Structure formats: structure tokens, C-alpha cells
**Q** 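Pasting a structure below so you can have a look.
Bear in mind the structure is a predicted one, so any value in this text is a computation, not a measurement. In what follows, chains are A, B, ... by sequence order, proteins preceding strands, each numbered from 1.
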Amino acid sequence: MRYSRMLLPTLKESPSDADVISQKLMIRAGMIRKVAAGVYNLLPMGLRAVRKVEAIVREEMNRAGAQEVSMPMVIPAELWQESGRWDEYGKELLRIKDRHDREFCLGPTHEEVITDLVRREVRSYKDLPLNLYQIQSKFRDEIRPRFGLMRGREFVMKDAYSFHATAESLDAEYENMYNAYTRIFERCGLDFRAVEAETGSIGGRFSHEFTVLAESGEDAVATCTGCSYAANVERAEIREPALSAPSAGSAIERVSTPGKKTIEEVSAFLKAGTDKLIKTLIYETDKGLIAALVRGDSQINEFKLRNASGSSFVKLAEEDAVRKTTGAPVGFAGPVKLNIPIYADFNVRGMFDAITGANENDAHLLHVNASRDFRATYADIRNAAQGDKCPRCAGVFEIKRGIEVGHVFKLGTKYSEAMGANFLDEAGKEQVVIMGCYGIGIGRTAAASIEQNHDEAGIIWPKPLAPFDCEVLPVNVKDDETRKTSEALYEVLKKEMEVLLDDRDERAGVKFKDADLIGIPVRVTIGERNLKQGLVEIKERKTGEVKLVKVEEAALEVKKLLQS
RNA sequence: CGGGGCGUAGCGCAGUCUGGUAGCGCAUCUGCUUUGGGAGCAGAGGGCCGGAGGUUCGAAUCCUCUCGCCCCGACCA
């Protein structure tokens with residue numbers, strides 16, 4: 001490809017509304033342009049990178065035995081009504097009507113469509129297992145799209161769905177996909193972790209998120225310093241800490257704390273660390289109101305609370321309910337003399353001389369002693385934090401930020417049951433198909449790669465994702481020798497790889513800056529000075545390493561570098 | 001959805017408080033010089049100042065309404 005002919009509008013300054021590095025660099029490197037909030041044009045350079053990710057995903061999915069299909073983006077409402085999600089999904093589902101006033105939605109995911117397909121076409125256990133995937137645009141009307149391709153409303157996703165006669169078969173496919181994902185992200189050259197994650201409302205089964213480690217990530221991941229355990233902070237199990245000997249302590253004392261409702265306010269007002277406070281939250285559940293206690297510096301985890309309390313749902317109680325139960329407005333609840341079931345995190349058990357709400361307006365209690373002043377059921381009900389103990393070994397957690405690029409999931413029979421996707425087993429008996437689903441954010445993977453691979457000057461593409469393998473850069477195209485040599489090298493390289501020839505009549509500095517910005521792995525610079533000795537310069541973008549080689553050897557050197 | 005901010009040339013911004021008919025840098029185009037890390041000089045083109053309504057002799061500027069975009073929060077006790 002000739003640079004002079006390519007739509008590659010690079011920018012010196014990044015647009016003011018970009019706020020993560022990948023987004024800034026993608027805009028500056030002429031890869032993407034915004035069309036609307038969370039909706040982007042992919043320019044040639046951007047599309048090339050995305051295609052590289054797609055190609056790797058496609059190859060590995062095919063290798064793993066999945067078959068590619070393509071499903072529509074516009075989906076009739078009936079399918080979503082059948083699964084029940086038409087009402088459940090909320091505003092993220094963009095609903096539209098056709099000219100006949102029939103309702104449709106733009107697909108944010110495709111369980112309904114694929115289940116519909118499979119229930120029509122699969123009759124027998126002999127047709128199973130089956131794994132179908134597509135690489136296609138999705139639309140989710142996010143509350144707040146941001147970070148460019150990392151969290152757009154329209155985005156390209158690879159979504160795969162597997163269908164099984166038995167749970168064992170699903171287990172095997174889950175592992176197969178897990179391995180395929182590992183290969184995919186390894187091939188993309190990413191530093192990632194497969195972490196245990198929450199499954200949401202689907203039920204007790206675990207799932208794995210594939211998370212690329214990056215500061216700008218929206219997910220928090222707990223990784224163990226001692227073993228390979230890694231989990232989303234919401235999911236991570238925390239080993240119960242050893243109890244320190246409780247002190248006898250002083251008697252409870254009531255203090256006035258006018259208007260101090262939040263942990264921070266109380267902590268500042270009473271000049272005590274947030275870890276000296278007990279946070280009391282009132283939850284509404286199917287079993288009635290309960291109180292949940294965590295240390296002031298911890299975050300409650302509603303999934304864990306739901307499990308610990310054996311409820312089918314938990315929801316923060318309304319202001320009115322809080323007032324009735326505690327006798328005080330929101331902000332002054334405490335466990336002492338509270339007569340609803342109390343669930344407390346393990347880290348509350350050993351607390352003494354603690355501060356809690358007094359169940360009375362504008363008042364808190366000092367010197368509260370957990371073992372003495374209230375009864376609670378102790379459980380793990382908070383998010384993991386730095387320094388928590390690993391459930392598997394003697395190590396502790398480190399909290400890192402990451403970008404979720406893939407997710408593998410056991411769906412079970414949620415959709416097949418709701419939509420009647422059945423098959424006949426060997427005994428001729430009708431059974432419900434068991435399902436798994438497996439997603440990868442394609443654009444997000446490309447963006448994550450930039451988050452992980454860049455420097456001051458621009459993008460540093462890992463070779464497998466680079467839009468071009470090599471850039472040939474004639475320093476001055478007006479010099480005949482330079483031009484001839486560059487063109488010749490371009491023709492040779494082109495036969496074996498994707499090459500960008502910067503044939504623009506621009507100053508050297510401009511070309512160098514652009515080359516660094518777009519981040520092609522290998523650059524061959526051809527200039528009069530070296531050419532007089534029959535030499536050209538080969539530079540690796542990643543290491544900055546430069547070597548001078550003979551013109552005749554340049555092509556071979558480039559190939560060697562790309563293979564290393 | 002709540003709070004905050006911003007819409008002025010392709011991009012980044014000033015001008016708005018204190019109304020007087022639009023400016024800077026980059027980019028673009030032309031010419032000359034220059035040519036290994038975002039060149040210099042000279043010239044040129046490009047704006048319904050997001051949109052609608054109002055106030056005024058006069059509105060980018062003041063008022064009302066609207067649309068779009070961005071940020072923070074939405075786990076508060």
C-alpha cells in the first residue's frame with residue numbers, strides 16, 4: 001500500500017474528548033473517527049488491525065471445531081418475548097419498529113436467535129454437540145459509552161454458542177473454548193489472565209473472564225501472589241482471617257453526629273479511620289429485611305450477600321423501610337439492638353471499639369464490640385481487596401485493573417427451556433438442550449493491545465495484530481536513487497508480506513513521527529547518506545534497535561526480524 | 001437518571017463577564033528556499049459562532065427553549 005494513496009489522516013493533537021490512551025492513539029493514528037456517542041467509523045488502518053484480531057479468532061474457533069454462521073442484527077420482538085428478556089433487559093436493548101409497526105430490537109447478543117435456529121434444525125442427540133459462532137456487530141444502548149472502541153454502543157463481537165446433550169459434553173466444550181481463548185489471546189501478544197467471574201442471575205455455575213491487564217481497565221481483578229488463583233473482585237473468595245483476641249473494651253457510648261451520614265463524614269468527624277467503622281446496610285430480600293455489615297473500608301458484594309443469606313434476590317431497602325426498621329433516617333443504622341437478621345462479613349467479627357450508627361437520628365455509638373454487643377451470622381460478603389488471603393494457598397491478593405476481552409460461560413438450559421429447544425436422546429426421550437456461550441470483543445481486543453503496547457511516540461503493534469508488517473520509508477522521494485531503491489524493495493517485500501510505502505513528498509521528520517505513531521513493527525529507512533555505501537537502515541519499533549544492512553540483504557533481514 | 005462542563009474553520013483553542021458584525025496555532029492550497037526526527041518566508045481558501053425563538057439600532061456575546069457531545073456519580077447508610 002502506498003501511503004500517498006491511503007486514507008490515513010494522522011493528527012498531531014488528540015481530540016479533547018478522548019480520555020484513554022488507546023482511544024487517543026487510535027484517533028491520532030487515523031484508525032477511527034467518531035460518528036455519534038459510542039459509534040465509530042473504522043478507517044483503513046483501523047479496519048486492518050481489527051481484521052487481524054478477527055482472523056486469529058476465526059482460525060482458532062475453526063480449529064476448535066466451531067462453525068461460523070451469520071445472524072441478523074435486527075431481531076423480531078417475539079423471540080425476546082419468548083425468552084422473557086424483552087421485559088427484563090431494560091433500556092440497553094434498542095427497540096425499533098418497522099413500517100408495519102412490528103417491533104424489533106437491535107441484537108445486543110444472540111442467544112434467542114441461535115436457540116431459535118437450533119430448535120428448528122436439531123432433532124436428535126446425533127446432531128449434538130454443536131458449536132456455532134459469528135463475528136458480527138452488536139448494539140447495546142449503554143448508559144454511558146466511553147473509551148472509544150473499548151466501550152462503544154455498536155461494537156464487533158465474536159459470539160459462540162454450544163449445544164449439548166449432557167452436562168459432561170458441555171464441560172468438555174467449556175474447557176475446549178477455554179483453551180481456544182488462551183491460544184487466541186496468546187497469539188494476539190497480550191498480557192492477560194483468565195479469571196473466575198460472576199455469572200450474574202444465571203445461577204450457581206462459574207464462568208471465566210479473559211482480562212487484559214491495564215491501568216485503564218474498568219474491571220478489578222484479584223490475583224494471588226502465591227498461586228495461579230485469579231478472580232474478579234466480586235467473585236474472589238476470601239479466606240476467613242484469624243481472629244485476634246477480643247479485648248474487654250469500654251462500655252458503649254452514644255455521641256451526637258449531626259448530619260454525618262456517610263462513612264467518610266463520620267470518619268472525618270470522629271477522627272477515626274474508616275476501618276474503625278462498621279457499615280450497616282439494610283437490604284430487602286424475598287425473606288424480608290436483613291442487615292448487612294462490613295467494615296467501613298470494605299465494599300459489600302450483593303452476589304455474596306445473596307448466597308450467604310439464602311435469598312433469591314437482595315436489593316437495598318427504600319428510605320421508608322430503613323426508617324421503620326432502624327427508627328432513624330438512612331445514614332444512622334447500626335447492628336446494636338437491631339431486630340432483623342444480621343449478616344456480617346468475617347472482617348467485622350473481631351472488631352471492638354468500633355463505631356456504628358445508633359439507630360437514632362444524628363447519633364452514632366462508640367466502643368461497639370462485635371462479640372459482645374450484637375449477634376450476627378458471619379460470612380464472606382464483601383469484595384476482595386488488596387492484602388486479603390487467598391482461599392487456595394498462603395498467599396495474599398493483589399488487586400489489578402483489567403479490560404475484559406473475553407468471557408466463557410455455561411448457560412445451562414435457561415434459553416433452551418424457555419424456548420423449547422429439545423432433542424430426542426438414545427432412548428427416544430425428549431430432553432432439553434444444554435447450552436454454553438463464549439464471547440470475545442474484537443475491537444476491544446485491538447484497543448486493549450494498544451493500552452498495553454505504546455510509548456510516548458505512539459502505538460507499538462505486536463506483530464500479529466499490526467496493520468502492516470513493514471514500512472518502507474524513503475527519506476526524500478525527490479532523490480532518484482532513493483526512490484528507485486525504495487520502490488524496488490517495496491515490490492520485493494510486497495510478495496511476502498503487507499508493506500506500507502511512505503511515498504509522500506514530506507520532510508523526513510514528518511514521516512518519522514507518523515511512522516512511530518502508527519507503530520508498524522519494522523521500518524526500513526532509505527536515505528541518500530547510507531545509500532552511497534549501499535546501505536539501508538532497519539529499525540524495530542518495539543526495541544528501537546537500528547541496524548544498517550546492505551540493500552540486497554534488506555528483504556531477508558526484514559523477514560528475519562518478523563519471524564523472531 | 002442526578003450533578004457539572006462544553007458546542008466558534010478539518011483539529012486544538014481565544015473571544016462571551018463588559019453587545020459594535022470573528023481571531024490564533026496546527027492542517028489545507030500556491031510559489032520560492034529547505035530536506036535524516038512534526039522547516040522558513042510570502043500569499044490564498046475555508047465559519048448560517050450547534051439549532052429555534054426573543055431582547056436590541058445592532059447578538060458568538062444578554063434571555064428562553066431545544067439538540068448534540070464530554071466528565072463525575074448512580075454501592076447511599
**Q** For the pair made of CZ in A:Phe147 and C1' in B:C70, what is the distance, rounded to whole Å?
**A** 12 Å
**Q** Could you check which of B:C72, B:G37, B:C70 has an atom nearest any side-chain atom of A:Arg146?
**A** B:C72
**Q** Taking pairing as Watson-Crick or G-U wobble with both contacts under 3.5 Å, can you name the mate of B:C13, or confirm there isn't one?
**A** B:G23
**Q** Tell me which nucleotide, if any, is Watson-Crick or G-U wobble paired with B:A39 when both distances must be under 3.5 Å.
**A** B:U33
**Q** So which nucleotide does B:G7 pair with, by the Watson-Crick or G-U wobble rule with both distances under 3.5 Å?
**A** B:C67
**Q** Where the side chain of A:Phe512 is defined as all heavy atoms beyond and including C-beta, which of B:G38, B:G37, B:A77 is the nearest nucleotide?
**A** B:G37
**Q** Can you tell me how far P in B:A22 sits from the matching atom in B:U16, rounded to whole Å?
**A** 16 Å
**Q** If B:G45 has a Watson-Crick or G-U wobble mate with both distances under 3.5 Å, name it; if not, just say none.
**A** none
**Q** Name the nucleic acid region contacted by A:Val322, choosing base, sugar-phosphate or nothing; use a 4.0 angstrom heavy-atom cut-off, strictly under.
**A** base
**Q** How far does the C1' atom of B:C29 sit from the matching atom of B:G10, given to the nearest Å?
**A** 14 Å
**Q** Counting distance alone, no hydrogens or angles: does the base of B:G36 have a donor or acceptor under 3.5 Å from a partner atom on the side chain of A:Asn476?
**A** no
**Q** Tell whether A:Lys34 reaches the base of B:G68 with its side chain through a donor-acceptor pair below 3.5 angstrom.
**A** no
**Q** Distance check, C1' atoms only: B:G12 and B:C6, in whole angstrom units.
**A** 14 Å
**Q** May I ask you to say what A:Asn530 touches in the nucleic acid, namely base, sugar-phosphate or nothing, with a heavy-atom cut-off under 4.0 Å?
**A** base
**Q** Which whole number of Å gives the distance between the P atom of B:G47 and that of B:C24?
**A** 16 Å
**Q** Taking only N and O in the side chain of A:Arg144, is any of them less than 4.0 Å away from OP1 or OP2 of B:C71?
**A** yes
**Q** Nearest whole Å is fine: how far is B:C75 P from A:Glu284 CD?
**A** 15 Å
**Q** Taking atom C1' in both B:G15 and B:G20, compute the distance separating them and give it to the nearest angstrom.
**A** 14 Å
**Q** How long is the line joining CD of A:Glu506 and P of B:U28, in whole Å?
**A** 7 Å
**Q** Taking any heavy-atom pair under 4.0 Å as a contact, classify A:Ile263: base, sugar-phosphate, or nothing.
**A** sugar-phosphate
**Q** Whole angstroms only, please: what is the CG-P distance between A:Asp505 and B:U34?
**A** 14 Å
**Q** From the options A:Lys539, A:Arg523, A:Lys550, A:Lys547, select the one residue that forms a salt bridge (Lys or Arg N to Asp or Glu O under 4.0 Å) with A:Glu557.
**A** A:Lys547
**Q** Which part of the nucleic acid does A:Arg28 contact within heavy-atom distance under 4.0 Å: base, sugar-phosphate only, or nothing?
**A** base
**Q** Is the NZ atom of A:Lys138 crowded by more than 12 outside heavy atoms at less than 6.0 Å?
**A** yes
**Q** Charged N to carboxylate O below 4.0 Å: is that the case for A:Glu209 and A:Arg235?
**A** no
**Q** When the P atoms of B:A27 and B:C41 are considered, how many whole Å apart are they?
**A** 12 Å
**Q** Quote, to the nearest angstrom, the C1' distance that separates B:C26 from B:A39.
**A** 14 Å
**Q** Round to the nearest Å and state the distance from A:Tyr283 atom OH to B:A77 atom P.
**A** 10 Å
**Q** Within 45° of the six-membered ring axis of A:Phe352 and under 6.0 Å from that ring's centre, is NZ or CZ of A:Arg372 located there?
**A** no
**Q** Under a 3.5 Å cut-off for both contacts, is B:C62 paired Watson-Crick or G-U wobble with anything, and if yes, with which nucleotide?
**A** B:G54
**Q** So, is A:Lys12 close to the B:A27 phosphate, meaning a side-chain N or O under 4.0 Å from OP1 or OP2?
**A** yes
**Q** Between A:Arg151 and A:Glu404, is there a side-chain N and carboxylate O pair less than 4.0 Å apart?
**A** no
**Q** Ignoring hydrogens and geometry, is there a side-chain-to-backbone donor-acceptor pair from A:Asn359 to A:Val336 under 3.5 Å?
**A** yes
**Q** Would you say a side-chain N or O of A:Ser16 is under 4.0 Å from OP1 or OP2 of B:C70?
**A** no
**Q** Using the closest heavy atom to pick a nucleotide of RNA chain B for each, name whichever of A:Gly527 or A:Pro15 lands nearer the 5' end.
**A** A:Pro15
**Q** Are A:Thr10 and A:Asp514 close enough that a side-chain donor and a side-chain acceptor fall under 3.5 Å?
**A** yes
**Q** Tell me whether the side-chain N/O atoms of A:Arg507 come closer than 4.0 Å to OP1 or OP2 in B:A39.
**A** yes
**Q** Rounded to the nearest Å, what distance is computed from the CD1 atom of residue A:Ile27 to the P atom of nucleotide B:C11?
**A** 11 Å
**Q** For the CZ atom on A:Arg375, are there more than 12 heavy atoms of other groups (residues, nucleotides or ligands in this structure) within a distance under 6.0 Å?
**A** no
**Q** Regarding B:G25, can its base be found pairing with the side chain of A:Glu13 as donor and acceptor, where the two atoms are less than 3.5 Å apart?
**A** yes
**Q** When you compare B:C65 with B:C57, how far apart are their P atoms, in angstrom units rounded to a whole number?
**A** 24 Å
**Q** What nucleic acid atoms does A:Glu265 come within less than 4.0 Å of, heavy atoms only: base, sugar-phosphate, or nothing?
**A** nothing
**Q** Starting from C1' on B:A74, measure out to CD on A:Glu302 and report it in whole angstrom.
**A** 13 Å
**Q** With the threshold set at 4.0 Å, does a side-chain nitrogen-carboxylate oxygen contact exist between A:Arg146 and A:Glu218?
**A** yes
**Q** Below 3.5 Å, does any donor atom in the side chain of A:Arg523 face an acceptor in the base of B:G36, or the other way round?
**A** no
**Q** State the pairing partner of B:G73; accept Watson-Crick or G-U wobble contacts with both distances under 3.5 Å, and report none otherwise.
**A** B:C1
**Q** Base, sugar-phosphate, or nothing: which does A:Lys315 touch, judged by heavy atoms less than 4.0 Å apart?
**A** nothing
**Q** Mind checking A:Gly357 for me? I need base, sugar-phosphate or nothing, with any heavy atom below 4.0 Å counting as a touch.
**A** nothing
**Q** In whole angstroms, how far is the C1' atom of B:C71 from the CG atom of A:Asp17?
**A** 11 Å
**Q** From the list B:C75, B:G36, B:A77, which nucleotide is the closest neighbour of the side chain of A:Val330?
**A** B:A77
**Q** Between the base of B:G36 and the side chain of A:Glu537, is one N or O donor paired with an acceptor at under 3.5 angstrom?
**A** yes
**Q** Heavy atoms only, 4.0 Å cut-off, all strands: where does A:Thr326 land among base, sugar-phosphate and nothing?
**A** nothing
